[in-house]
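Read the structure below first, then the notes.
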Amino acid sequence: MRTFIAIPIPEDILDFLTGVQRAIRKTKIKASWTRRPSMHLTLGFLGDTEKKEIDAIIMAMDSTARALTPFSLSAKGLGVFPGVKKPRVIWCGVKGQVDQLEILKNTLDNHLVKACLAHDIQRFSPHFTLGRFKGAVDPGTLTNLIHAFKYHTSVQCQIPSMVLYKSDLKPSGAVHTPLFETFLSGLPLL
């Protein structure tokens, strides 16, 4: 099964993100928009995972969660990957205690590596994916959108947990099923 670890997005931030999507849709930009139930903040893509590896992943997640406490994040602004000239993804930025988010990501990666779990460790660029473009998009339109949303910010919300998801690719889009959730407690093992 295909798996990944992510932070579930709090409802207030989800409300903000879906509101931004609605506003962008009014510009008639064609994209495959991320559905609300599928929105998350990816920490690590594990890819094809065997059932026997799940226990080791859960242990790595629990070890990480015991080492850290909840922190606050918000969504702010717009951007595109890889750039406005040939954009593929439109996203909202992540603000707030991003340093704590990066510590969570690095700690999780270290625990997964110690458990000999191969996964895709890339430069971490936290973002909330709003959609994927279906074709060419006018760079001027995108630049105007990015500028228009520069200061739009959601409320700050506490991030208390991370989730291991199974991802099933369907013709209608990916379906993410939670397999395990662990809460950041800052309580080491005795």
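What you see is a predicted model; the values in this text were computed from it and never measured.
- Between Leu101 and Ile159, every side-chain heavy-atom pair lies at or beyond the 4.5 Å cut-off.
- Taking Ile, Leu, Val, Met, Phe, Trp and Tyr as hydrophobic and joining them when side-chain heavy atoms fall under 4.5 Å apart, one finds Phe81 in a cluster with Val89, Trp91.
- Partners of Thr34 by side-chain hydrogen bond (donor to acceptor under 3.5 Å, both in side chains), not counting sequence neighbours: none found.
- In this structure, Thr64 and Thr182 have side chains that are not in contact, with every pair of non-hydrogen atoms separated by 4.5 Å or more.
- Once rounded to the nearest 0.5 Å, the distance linking OG of Ser63 with CG of Asn110 reads 11.5 Å.
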Item to check | Pair Gln156-Ile13, side-chain contact (heavy atoms from CB on, under 4.5 Å): steps then yes or no | outcome: CA-CA 8 Å; Gln156 279 211 354; Ile13 295 178; over 6 Å; no
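- Leu130 and Gln21 make their closest contact through O-NE2, 2.7 Å (heavy atoms, listed as atom of the first residue, atom of the second, distance).
- Residues that satisfy the ring-ring contact (aromatic ring centres under 6.0 Å, His included) test with Phe128, not counting sequence neighbours, are absent from this structure.
- Distance check, rounded to the nearest 0.5 Å: NE2 of His127 to CG of Leu41 gives 8.0 Å.
- Residues passing the side-chain hydrogen bond (donor to acceptor under 3.5 Å, both in side chains) test with Ser38, sequence neighbours excluded: Arg35.
- Side-chain contact between Trp33 and Thr129: absent, with no pair of heavy atoms (C-beta onward) separated by less than 4.5 Å.
- Side-chain contact check for Leu78 versus Cys92: some heavy-atom pair is nearer than 4.5 Å.
- Annotation: salt bridge (Lys or Arg N to Asp or Glu O under 4.0 Å) contacts of Asp15 (sequence neighbours excluded): Arg36.
- The ring-ring contact (aromatic ring centres under 6.0 Å, His included) test applied to His176 returns Phe4, His40, not counting sequence neighbours.
- The distance from the CG atom of Asp55 to the CZ atom of Phe180 is 10.0 Å, given to the nearest 0.5 Å.
- Looking at every heavy atom in both residues, Val98 comes nearest to Pro126 through CG1-CG, 4.4 Å.
- Side chain of His111 to main chain of Asp109: no donor-acceptor pair is present (N/O by atom type, distance under 3.5 Å, no hydrogens or angles).
- To the nearest 0.5 Å, the span separating CG on Leu43 from CG on Leu164 amounts to 11.0 Å.
- Put simply, the side chain of Thr107 never gets that close to the backbone of Leu104: no donor and acceptor are under 3.5 Å apart.
- For the pair Pro178/Val163, a side-chain contact is recorded, criterion being any heavy-atom separation below 4.5 Å from C-beta on.
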Checklist entry - Checking side-chain contact (heavy atoms from CB on, under 4.5 Å) for the pair Tyr165/Val175: CA distance, chi angles, key distance, verdict? => result CA-CA 10 Å; Tyr165 289 96; Val175 175; over 6 Å; no
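- Enclosure of atom CE in Met59 is not indicated, since only 12 or fewer non-hydrogen atoms of other residues, nucleotides or ligands lie within 6.0 angstrom.
- Applying the salt bridge (charged side-chain N to carboxylate O under 4.0 Å, His left out) rule to pairs touching residues 77-99 yields nothing, sequence neighbours excluded.
- Two residues are said to be in side-chain contact when any heavy atoms from C-beta on lie closer than 4.5 Å; Met1 and Leu179 meet this criterion.
- For residues 159-168, the pairs satisfying salt bridge (charged side-chain N to carboxylate O under 4.0 Å, His left out) are Lys166-Asp168, with sequence neighbours left out.
- The nearest pair of heavy atoms linking Ile9 to Leu14 is O-CD1, 3.5 Å.
- Under the salt bridge (Lys or Arg N to Asp or Glu O under 4.0 Å) criterion, Lys170 pairs with no residue at all, not counting sequence neighbours.
- The side-chain heavy atoms of Ile5 and Ile57, taken from C-beta on, include a pair separated by under 4.5 Å.
- Inter-residue side-chain proximity for Thr69 and Leu184 is flagged as unmet; no heavy-atom pair is nearer than 4.5 Å.
- The two atoms that bring Thr27 and Ile24 nearest to each other are OG1-O, 2.5 Å, heavy atoms only.
- Looking at Glu181 and Ser161, their side chains do bring a donor and an acceptor atom within 3.5 Å of each other.
- Considering OG of Ser185 and CZ of Arg66, their distance stands at 7.5 Å, rounded to 0.5 Å.
- Atom OG1 of residue Thr3 and atom CG of residue Asp48 lie 8.5 Å apart, to the nearest 0.5 angstrom.
- Counting all heavy atoms, side chain and backbone alike, Lys105 lies closest to Gly44 at NZ-CA, 4.2 Å.
- Scanning both residues, Pro87 and Val137, for their nearest heavy atoms gives CG-CB, 4.2 Å.
- Among pairs with a residue in residues 133-154, those fulfilling side chain to side chain donor-acceptor pair (under 3.5 Å) read Asp138-Thr141, at least two apart in sequence or across chains.
- Evaluation of the salt bridge (charged side-chain N to carboxylate O under 4.0 Å, His left out) test over residues 25-34, restricted to residues two or more places apart or in two chains, returns none.
- A donor-acceptor distance shorter than 3.5 angstrom exists from the side chain of Thr49 to the backbone of Gly47, with no hydrogens or angles considered.
- Scored by the side-chain contact (heavy atoms from CB on, under 4.5 Å) test, Gln100 finds Phe71, Gln97, Ile103 as partners (sequence neighbours excluded).
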